[in-house]
Number of protein chains: 2
Amino acid sequence: MNAPLSERRQAQLAALIDAAERRIAEGGMASLKARDLAADIGIALGGLYNIVADLDELALRVSSRTLGRLGEALTAASDALPLESRDDAVNRLVAIAHAYLHFARDNLKLWRTLFELHLAEGTALPTWAADDQLRLFRHVAEPLALLVPTMDEAQQALAARTLFAAVHGIVTLGLEERLVAVPLTALEAQIEWMVRATCRGLGE
Amino acid sequence: MNAPLSERRQAQLAALIDAAERRIAEGGMASLKARDLAADIGIALGGLYNIVADLDELALRVSSRTLGRLGEALTAASDALPLESRDDAVNRLVAIAHAYLHFARDNLKLWRTLFELHLAEGTALPTWAADDQLRLFRHVAEPLALLVPTMDEAQQALAARTLFAAVHGIVTLGLEERLVAVPLTALEAQIEWMVRATCRGLGE
DNA sequence: CCAAGATTTGAACGCCGTTCAAGACATGAA
DNA sequence: TTCATGTCTTGAACGGCGTTCAAATCTTGG
């Protein structure tokens, strides 16, 4: 075992993130235990802190990976559709919203940890993590721009954010199993209804 | 100190919830520590578990109180407005949404703990807690019923839930300080825009 | 082959929620 | 009043957690 240091570290980091991702997918963020992870990748307990500053950083790295996969899912949903007419734009927004719902459902625990990261009060999140978030909004902003060409860019960004947030809220409550369960198809219908209504409202 | 047991217990429970509420309002759910709370109300550490089964139950009781206050805030916002025409109904929905935003902002940490309760996998939440949630949806359902009188009750309930969820999502992302800050007035405008657009969409 | 530096190790620390044997206390009968 | 009995309260102790750091182990250039 004598690969160059940095390479070895890189491999250890990747293995660690893999293990953490598996653990979170299985049992949520609450099951991210230092001792388990160290055992998973075959190092001593203290060794974790040579790879990663603390478990929060690790959760953040897993989240970044999850955000990446989410972005791919939204891209796949977008690219399948044309974007020429206003109708196309609306259909794309619906498709993106549906893709968001399905990603959240298929990656429930990982998706939830995206919003359970509580960075220690003072510290801001790394720029690479913030960038991932902005990329998501852009998925929405692109078709939206076609619907409201008169808005300036800041307004468009804000509108995209709002639409994203609304869909996010519906998905969040819809997948919250401590409330009355809503069938997936009903959830899809509600999301579509709400996106179309909002788009209609945009024109006025 | 010789009040009847149940009375004494009731007082201890109230004091405990008070202390927990103060702690959460100050530092979020993460600062709900058994030893601090025991000191706050002047009992021994172990004594907590005579009053409450565990800290989760305590967080739930604080949340119930918070939901109660939220309900009052929404009621106050509703009662200030007439409810006769369709326009009245829309205005009420906007007012309720705005009241929700302001409550969340003014009670940030307490409001957030409403959604951070992670009951141990298997156990369902007590009925008294579930009822509080349904009461909230009813605030939205009442004016909504006036807008869509043709829907049956189940459909109306679902629509109310969806509208509530959409507003909730906008508020959640809007108050998330790890993203770009959005001014309060902009948030209000976005919420109003989205509620009105949705209402317009309802008619079609 | 060795010395010096880098890396890994796991025992130990401090903090946490929760438990439970032991002590303090109240109550009613004698 | 005195004591026995049942109830409530106490805080030391337990097991588990994230994190640290002196010591052990490896790696490497001379």
Side-chain angles (χ1 to χ4, degrees), chain A residues 1-17 19-24 26-63 113 116-123, chain B residues 1-17 19-24 26-63 113 116-123:
Chain A
M1 268 312 142
N2 50 7
L5 160 91
S6 63
E7 214 172 284
R8 229 173 100 65
R9 266 295 150 74
Q10 213 63 23
Q12 280 184 318
L13 177 58
L16 182 55
I17 298 176
E21 192 174 29
R22 236 169 323 172
R23 291 266 175 197
I24 291 178
E26 184 68 29
M29 241 221 312
S31 55
L32 206 67
K33 313 289 178 69
R35 284 164 181 80
D36 290 343
L37 292 167
D40 283 348
I41 65 173
I43 62 170
L45 176 56
L48 277 189
Y49 300 88
N50 299 328
I51 308 177
V52 126
D54 51 32
L55 290 190
D56 280 355
E57 187 199 319
L58 185 53
L60 210 62
R61 297 207 115 97
V62 172
S63 286
T113 73
E116 283 176 21
L117 304 170
H118 52 318
L119 344 171
E121 204 67 30
T123 60
Chain B
M1 259 330 133
N2 48 9
L5 159 91
S6 64
E7 215 171 282
R8 232 172 97 64
R9 265 296 152 73
Q10 213 64 25
Q12 280 184 318
L13 177 58
L16 181 55
I17 298 177
E21 193 175 29
R22 236 169 307 141
R23 292 264 175 200
I24 292 179
E26 184 68 29
M29 240 220 315
S31 55
L32 205 66
K33 313 289 179 68
R35 284 164 180 80
D36 290 343
L37 293 166
D40 284 348
I41 66 172
I43 62 170
L45 175 56
L48 277 189
Y49 300 89
N50 299 328
I51 307 177
V52 124
D54 52 33
L55 289 190
D56 281 354
E57 188 199 320
L58 185 53
L60 210 62
R61 297 206 114 97
V62 171
S63 286
T113 71
E116 282 177 22
L117 304 169
H118 52 317
L119 343 171
E121 204 66 30
T123 58

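In this text the structure is predicted, and so the values were computed from the model without any measurement. In what follows, chains carry the letters A, B, and so on, assigned in the order in which the sequence lines appear, proteins first and then strands, with residues in each chain numbered from 1.
- Rounded to the nearest 0.5 angstrom, A:Leu55 CG and A:Met29 CE are separated by 10.0 Å.
- End-to-end axis angle of the helix from C:dC1-D:dG30 to C:dA30-D:dT1, using five pairs per end and rounding to 10°, comes to 30°.
- Taking A:Glu116 as the reference, nothing meets the side chain to side chain donor-acceptor pair (under 3.5 Å) condition, with sequence neighbours excluded.
- Looking only at side-chain heavy atoms (C-beta outward), A:Leu16 and A:Arg61 stay at 4.5 Å or farther from each other.
- B:Asn50 places its CG atom 19 Å from the P atom of D:dG6, with the value rounded to the nearest Å.
- The list of side chain to side chain donor-acceptor pair (under 3.5 Å) pairs with a residue in residues 44-54 of chain A, not counting sequence neighbours, is empty.
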Inset, instruction - Would you mind building the protein contact string for nucleotides 15-21 of chain D? One character per nucleotide, 5' to 3', B for base within reach (heavy atoms under 4.0 Å), S for sugar-phosphate only, - for untouched. - result: --SBBB-

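- Nucleotide C:dA6 holds its P atom 13 Å from the CZ atom of A:Arg9, rounded to whole Å.
- Listed pair B:Arg8 / C:dA26 fails the phosphate criterion, with no side-chain N or O lying under 4.0 Å from OP1 or OP2.
- Counting only heavy atoms from C-beta outward, the side chains of B:Leu117 and B:Asp56 never approach each other to under 4.5 Å.
- Residue B:Ile51 contributes atom CD1, which lies 13 Å from atom P of D:dC8 at whole-angstrom precision.
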Would you tabulate the side-chain donor-acceptor contacts of residues 35-47 of chain B under 3.5 Å, counting partners in other chains and residues two or more places apart, or write 'none'?
{"from": "B:Asp40", "atom 1": "OD1", "to": "B:Arg23", "atom 2": "NH2", "distance (Å)": "2.9"}
{"from": "B:Asp40", "atom 1": "OD2", "to": "B:Arg23", "atom 2": "NE", "distance (Å)": "2.9"}
{"from": "B:Asp40", "atom 1": "OD2", "to": "B:Arg23", "atom 2": "NH2", "distance (Å)": "3.3"}

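- With rounding to the nearest 0.5 Å, the separation of CD in B:Glu21 from OG in B:Ser63 is 10.0 Å.
- When rounded to the nearest whole Å, the span between CD of B:Glu57 and P of C:dG17 equals 15 Å.
- Of the inter-residue distances, the one linking B:Gln12 atom CD with B:Gln10 atom CD reads 10.5 Å to the nearest 0.5 angstrom.
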